[in-house]
S.K.: 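My questions will all concern the structure given below.
To find a chain, count down the sequence lines: A is the first, B the second, and so on, and within it residues start at 1. Please read all numbers here as calculations on a predicted model, not as lab measurements.
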Amino acid sequence: MEYDFSSIERKWRTRWQQELTFRAQNNSKKEKFYVLDMFPYPSGSGLHVGHPLGYIASDIFSRYKRHLGFNVLHPMGYDAFGLPAEQYAIQTGQHPAKTTQENIDRYREQLDLIGFSFDWSRQVNTSDPEFYRWTQWIFIKLFHSWYNKAIEKAEPIETLIRHFETEGTANLNAVADDYQDFTAEEWKAFPFMQQREILLKFRLAYRAETVVNWCPALGTVLANDEVVNGVSERGGHPVEQRKMKQWSLRITAYAQRLLDGLDTIDWTDSLKEIQRNWIGRSQGAQIRFAVKDHDAEVEVFTTRPDTIFGATFMVLAPEHELVSEITSSDQKKEIASYLEYTKSRSERERMSETKKVTGAFTGAYAINPITNTEVPIWIADYVLAGYGTGAVMAVPAGDQRDWDFARHFNLPITPVIEGQDVSDGADERKDGTMINSDFLNGMQVPQAIQTIIDRIEELGIGKRKVNYKLRDAVFSRQRYWGEPFPIYYRDDIPFTMDEDKLPIVLPEINEFKPTEDGDPPLGRATRWNWDRENGKVIENGKGFPIELNTMPGWAGSSWYYLRYMMEGNKETRAKEFVSAEAVSYWKQVDLYMGGAEHATGHLLYFRFWTKFLHDMGYLPFDEPANKLINQGMIQAEDGQKMSKRYGNVVNPDDVVAEHGADALRLHEMFLGPIEMHKPWNTKGIEGVSKFLRKLWRLYHNGDDFAVTDEKANKDELKALHKCIQKVTEDLDRFAFNTPVSAFMVAVNELTDLQCKKREILEPLTILVSCHAPHIAEELWSRLGNEDSISEVAWPIFNEDYLKDDSITYPVSFNGKTRFQIELPADMGREEVGKEVLAHEVAQKWLAGNAPKKVIVVPGRIVNVVI
RNA sequence: GCCCGGGUGGCGGAACUGGUAGACGCGCUGGAUUCAAAAUCCAGUUCUGGCAACAGAGUGCGGGUUCGAUUCCCGCCCCGGGUACCA
């Protein structure tokens with residue numbers, strides 16, 4: 001009988017499903033191992049061959065770990081809320097829930113065909129009320145928390161209220177919006193609503209007027225990571241900066257911990273680097289400059305306070321609050337027209353025209369607090385309102401942008417470091433000896449920085465300061481297909497709904513567009529079922545108004561990995577988002593597989609929520625995933641991105657139908673290293689198909705299964721153990737491509753040896769079973785085993801089988817002649833440096849020409865030099 | 001611009017911490033089997049010269065360290081990714 005992959009695969013697919021072969025147990029004595037894939041967004045186009053790449057690798061690893069005796073959690077689910085389903089709904093009127101469910105069913109069919117060992121009993125769906133009630137619950141926790149910088153930890157808001165009640169804002173070290181100081185007495189005297197308003201400045205989930213990315217085409221705001229090059233990531237629509245009242249999460253509170261945590265986890269350097277850059281820590285000083293003839297101060301942030309003697313002018317962002325206050329009457333007109341100009345420039349224009357030097361003089365002067373000299377204050381849009389203090393001390397000698405500005409407006413340029421050449425550009429050197437800098441003269445830059453900061457702090461005109469590029473994450477979307485906020489308003493002050501009223505179920509509406517009044521789609525809902533238990537209904541508009549925004553796509557994915565840990569029936573699962581027992585058993589994800597495109601989005605929020613839940617005492621760890629592998633993209637054969645739009649999509653179903661799932665799995669792994677981008681090619685799949693047929697034939701003679709119980713000989717054992725060693729070592733270092741080569745070598749050698757011995761073929765089957773599980777299960781059962789191969793112990797490697805009696809080593813003599821010297825087999829790595837032995841051996845062969853120096857290097861070669 | 005990766009046959013790619021470069025697969029060439037084809041099997045396949053044995057060169061380019069470098073160091077070129085007035 002020939003190898004009939006389609007019936008074999010169908011048989012085992014069904015068997016695994018019926019017997020729940022891959023169900024993980026929470027109460028297990030075994031050591032745990034958690035392998036997670038980034039769950040897919042179920043799009044209408046289904047899976048193409050690129051999607052399963054990571055799933056195949058993680059599945060291989062899960063199966064490998066099961067063989068090693070681990071209790072493996074390997075779940076899958078759907079990131080089901082999101083824009084495309086809603087855009088589709090707007091066009092067709094089809095409810096997103098309906099299309100989403102259809103897509104999920106299609107995904108499941110496709111995934112099942114590839115033979116993954118997922119524990120489907122734990123499936124999550126972020127758009128399922130049973131799931132998002134907990135997303136809402138976590139939001140409530142964020143709302144009722146603040147960040148205590150003194151202990152670097154989030155705390156319940158009650159501790160902040162207690163602080164206010166006892167000492168007001170004195171001795172408070174919190175991450176918060178700007179606030180006015182007050183005493184305990186004042187706090188107690190504030191009306192209730194005012195207290196609530198103040199607390200909002202501290203909450204980790206807060207609503208505030210902020211500059212946000214507004215996308216008119218999508219009709220919603222977007223987070224920074226959802227905007228790429230000034231256009232929306234989804235759809236590529238233009239985005240503008242707008243001041244709007246929006247929900248945000250105070251991720252900036254965690255900036256330092258998100259940075260530090262990177263050193264504790266095993267992610268790729270490039271991904272860590274992306275996150276580091278995104279967080280963008282910079283260390284320097286904040287310095288206040290008095291404004292001449294005004295009761296005002298301009299505060300600047302600089303990483304180079306040592307260059308303060310070269311600060312020949314100041315620049316404020318056009319949006320800076322002092323601009324109108326300090327502008328002199330004769331400059332009013334010029335400033336007004338410049339403000340007009342900057343407003344007219346779109347974000348895109350501003351970003352693409354960074355070379356263009358523009359600005360205007362306010363007519364005001366600042367007093368340099370160190371030199372007491374007067375410097376003019378300008379405004380320009382190269383200074384950003386959102387970073388630092390929105391103002392800079394311009395040092396044209398050491399900063400190219402300042403230099404360009406100085407040249408353009410004819411402002412003085414003073415070098416402050418010896419040898420600084422400013423004739424045709426700034427000299428941005430970070431070391432050297434200070435000049436033109438009074439008491440700093442003669443110092444080296446690092447020393448000057450310390451000295452000047454000390455002086456600034458002494459004088460009380462500023463302080464050491466660390467800034468981050470990271471911004472708080474805008475959390476509301478003017479959209480329908482997302483989690484509703486568990487929020488209602490009293491006098492425009494947000495209040496959370498009771499936890500036991502969750503979930504706040506997404507109400508039915510019949511059109512998915514914004515309302516005529518410009519409210520988000522949820523404004524169309526006339527009835528909100530927000531009290532499930534008692535079936536109470538409050539009407540929108542009556543009672544208290546409810547938040548009409550929904551949460552962004554990344555809300556559910558920020559914690560979904562915890563939900564997989566929950567076991568049990570509906571009632572158990574309805575009790576808590578994840579049980580303490582489950583979390584203390586499964587802990588972090590041990591291997592997380594997914595695309596690097598989530599570096600500044602999901603992977604940051606995912607870490608942020610984990611740290612928050614850790615602070616709240618729900619999790620015994622504060623990083624979600626220990627090891628992360630970014631699988632590369634599979635492109636079309638021309639190297640283009642595989643997409644429905646380009647019509648170059650290869651459907652895995654077709655590949656499975658033609659070559660089988662095992663061949664698809666082997667081929668995807670064999671294309672190259674998992675992290676690399678690589679084009680799909682159909683040619684190579686013949687190679688792995690051929691391998692599978694050879695493997696099958698190894699166990700058969702014609703139609704008959706023909707495995708014997710004969711004792712294996714040396715050569716056969718060697719072929720097997722070479723394979724065990726290679727595959728085990730490779731899998732241990734997360735290499736999924738090279739084991740395929742090892743299988744091929746082994747099968748070729750065993751075919752040459754005509755080996756049909758159980759002693760060899762049983763372990764070989766286990767080795768192959770991670771990559772090609774269907775054929776392995778079939779051969780395993782033909783070998784007379786009743787249970788699934790999936791948890792059979794991994795073969796043990798024995799080095800003895802690889803040893804030869806003697807090995808022949810080449811020797812290069814005098815760099816010219818080559819000699820073959822036969823060395824004893826036990827002369828391996830441990831012989832390093834033992835020149836005498838090698839000398840003797842060499843001498844024996846080089847009779848008479850005794851070498852001066854012989855060096856034996858691990859395992860292999862003897863070089864002889866005369 | 002800055003920060004990370006990476007450059008190996010006709011192609012995808014091996015080579016663990018410096019130790020016989022090109023494993024394995026694809027493709028190609030020749031052969032066996034076949035009436036023929038498919039499938040299968042065998043041999044060859046880095047380049048140059050040679051019928052061959054063999055010799056020389058060879059891991060983007062130029063230097064260096066080393067008995068020995070794809071691997072380590074310095075300079076340059078090219079490709080991919082991230083980021084972009086972040087003071």
S.K.: Write down the partner of B:rU34 under the Watson-Crick or G-U wobble criteria, each distance required to be under 3.5 Å.
M.R.: none
S.K.: When you check the side-chain N and O atoms of A:D225 and A:Y605, is any donor under 3.5 Å from an acceptor?
M.R.: yes
S.K.: Assign A:L384 to base, sugar-phosphate, or nothing according to its heavy-atom contacts below 4.0 angstrom with the strands shown.
M.R.: base
S.K.: Using a heavy-atom cut-off of 4.0 Å across all strands, would you classify A:V688 as base, sugar-phosphate, or nothing?
M.R.: nothing
S.K.: Would you tell me whether A:T252 and A:Y468 have side-chain atoms, one donor and one acceptor, within less than 3.5 Å of each other?
M.R.: no
S.K.: Nearest to the side chain of A:R733, which nucleotide is it out of B:rC85, B:rC4, B:rA15?
M.R.: B:rA15
S.K.: Side chain of A:T302, heavy atoms from C-beta onward: which of B:rA87, B:rC85, B:rG25 has the nearest atom to it?
M.R.: B:rA87
S.K.: In this structure, how many angstroms lie between the P atom of B:rC24 and the NZ atom of A:K694, rounded?
M.R.: 11 Å
S.K.: Using a heavy-atom cut-off of under 4.0 Å over every strand shown, decide if A:M676 touches base, sugar-phosphate, or nothing.
M.R.: sugar-phosphate
S.K.: Would you mind classifying the nucleic acid contact of A:N748 as base, sugar-phosphate or nothing, using non-hydrogen atoms under 4.0 angstrom?
M.R.: sugar-phosphate
S.K.: Among the candidates B:rC16, B:rC86, B:rC3, find the nucleotide nearest to the side-chain atoms of A:N277.
M.R.: B:rC3
S.K.: Enter syn or anti for the glycosidic conformation of B:rG9, syn applying to angles within 90° of 0.
M.R.: syn
S.K.: Please report the distance separating the P of B:rG75 from the corresponding atom of B:rC2, rounded so that it comes out in whole Å.
M.R.: 13 Å
S.K.: Nearest whole angstrom, please: distance from the C1' of B:rC42 to the CG of A:D752.
M.R.: 10 Å
S.K.: Expressed as a whole number of angstroms, how long is the span from A:H677:NE2 to B:rG80:P?
M.R.: 11 Å
S.K.: So does A:Q400 have more than 12 non-hydrogen atoms from other groups sitting under 6.0 Å from CD?
M.R.: yes
S.K.: Roughly how far apart, to the nearest Å, are B:rC79 and B:rC42 at atom C1'?
M.R.: 41 Å
S.K.: When the C1' atoms of B:rG13 and B:rC67 are considered, how many whole Å apart are they?
M.R.: 31 Å
S.K.: Please give the nucleotide sitting opposite B:rG12 as a Watson-Crick or G-U wobble pair, both distances under 3.5 Å, or none.
M.R.: B:rC24
S.K.: What's the closest nucleotide to the A:W278 side chain, out of B:rC86, B:rU83, B:rC24?
M.R.: B:rU83
S.K.: Would you tell me if any nitrogen or oxygen in the side chain of A:K690 comes within less than 4.0 Å of OP1 or OP2 on B:rA39?
M.R.: no
S.K.: Please name the nucleotide paired to B:rA55 by Watson-Crick or G-U wobble geometry with both distances under 3.5 Å, or report none.
M.R.: B:rU48
S.K.: Taking the minimum atom-to-atom distance to the side chain of A:S270, which one of B:rA14, B:rG12, B:rC4 wins?
M.R.: B:rC4
S.K.: Starting from P on B:rU83, measure out to CG on A:L470 and report it in whole angstrom.
M.R.: 14 Å
S.K.: Of the candidate nucleotides B:rU40, B:rG13, B:rA15, which contains the atom at the shortest distance from the side chain of A:K726?
M.R.: B:rA15
S.K.: In terms of heavy-atom contacts, does CD of A:E428 have more than 12 from other residues, nucleotides or ligands at under 6.0 Å?
M.R.: yes
S.K.: Separation of A:Y387 atom OH from B:rC86 atom P, in whole Å?
M.R.: 9 Å
S.K.: If you assign each of A:K678 and A:G684 to its closest nucleotide in RNA chain B, which residue comes earlier from the 5' end?
M.R.: A:K678
S.K.: Do A:F405 and A:F313 make the cut of ring centroids closer than 6.0 angstrom?
M.R.: yes
S.K.: Starting from C1' on B:rA39, measure out to CD on A:E686 and report it in whole angstrom.
M.R.: 11 Å
S.K.: For the pair made of NE2 in A:H659 and P in B:rC26, what is the distance, rounded to whole Å?
M.R.: 13 Å
S.K.: Please measure how far the P atom in B:rA23 lies from the corresponding atom in B:rC72, and state the result in whole Å.
M.R.: 23 Å
S.K.: To the side chain of A:Y382, which of B:rC86, B:rC26, B:rC85 is closest?
M.R.: B:rC85
S.K.: Using Watson-Crick or G-U wobble geometry with both distances below 3.5 Å, tell me the partner of B:rC2, or none.
M.R.: B:rG82
S.K.: Pick the P atom in B:rC11 and in B:rG64, then give their distance to the nearest Å.
M.R.: 30 Å
S.K.: Can you tell me the base-pairing partner of B:rG68? Count Watson-Crick or G-U wobble geometry only, both distances below 3.5 Å, and say none if there is no partner.
M.R.: none
S.K.: With a cut-off of less than 4.0 Å, is there a side-chain N or O of A:R276 near OP1 or OP2 of B:rC3?
M.R.: no
S.K.: Could you check which of B:rG25, B:rA15, B:rC16 has an atom nearest any side-chain atom of A:M744?
M.R.: B:rG25
S.K.: Heavy atoms under 4.0 Å, any strand shown: does A:D402 hit a base, just sugar-phosphate, or nothing?
M.R.: nothing
S.K.: If the C1' atom of B:rG9 is compared with that of B:rG18, how far apart are they to the nearest Å?
M.R.: 23 Å
S.K.: For the pair made of CD in A:Q400 and P in B:rA87, what is the distance, rounded to whole Å?
M.R.: 15 Å
S.K.: At under 4.0 Å, does any side-chain N or O of A:S282 touch on OP1 or OP2 of B:rA87?
M.R.: yes
S.K.: Rounding to the closest angstrom, what is the interatomic distance between B:rG22 and B:rA38 at atom C1'?
M.R.: 32 Å
S.K.: Check whether the side chains of A:D730 and A:T738 place a donor and an acceptor atom closer than 3.5 Å, and report yes or no.
M.R.: yes
S.K.: What interatomic distance, in whole Å, is found between P of B:rU20 and the corresponding atom of B:rG27?
M.R.: 30 Å
S.K.: Cation over ring, A:R607 on A:W278, under 6.0 Å and within 45°?
M.R.: no
S.K.: Over 60° means perpendicular and under 30° means parallel, so tell me whether A:F797 and A:H721 are parallel, tilted or perpendicular.
M.R.: tilted
S.K.: Assign A:K272 to base, sugar-phosphate, or nothing according to its heavy-atom contacts below 4.0 angstrom with the strands shown.
M.R.: nothing
S.K.: Salt bridge check: are A:R276 and A:D269 linked by an N-O gap of less than 4.0 Å?
M.R.: no
S.K.: Nearest to the side chain of A:N737, heavy atoms from C-beta on, is which of B:rA14, B:rC3, B:rC16?
M.R.: B:rA14
S.K.: Give the nucleotide from the list B:rC3, B:rU40, B:rC85 with an atom nearest to the side chain of A:R697.
M.R.: B:rU40
S.K.: Would you mind telling me which residue lines up with the more 5' stretch of RNA chain B, A:R281 or A:L271, judged by nearest nucleotide?
M.R.: A:L271
S.K.: In the structure shown, which nucleotide is the Watson-Crick or G-U wobble counterpart of B:rG62, with both distances under 3.5 Å?
M.R.: B:rC74
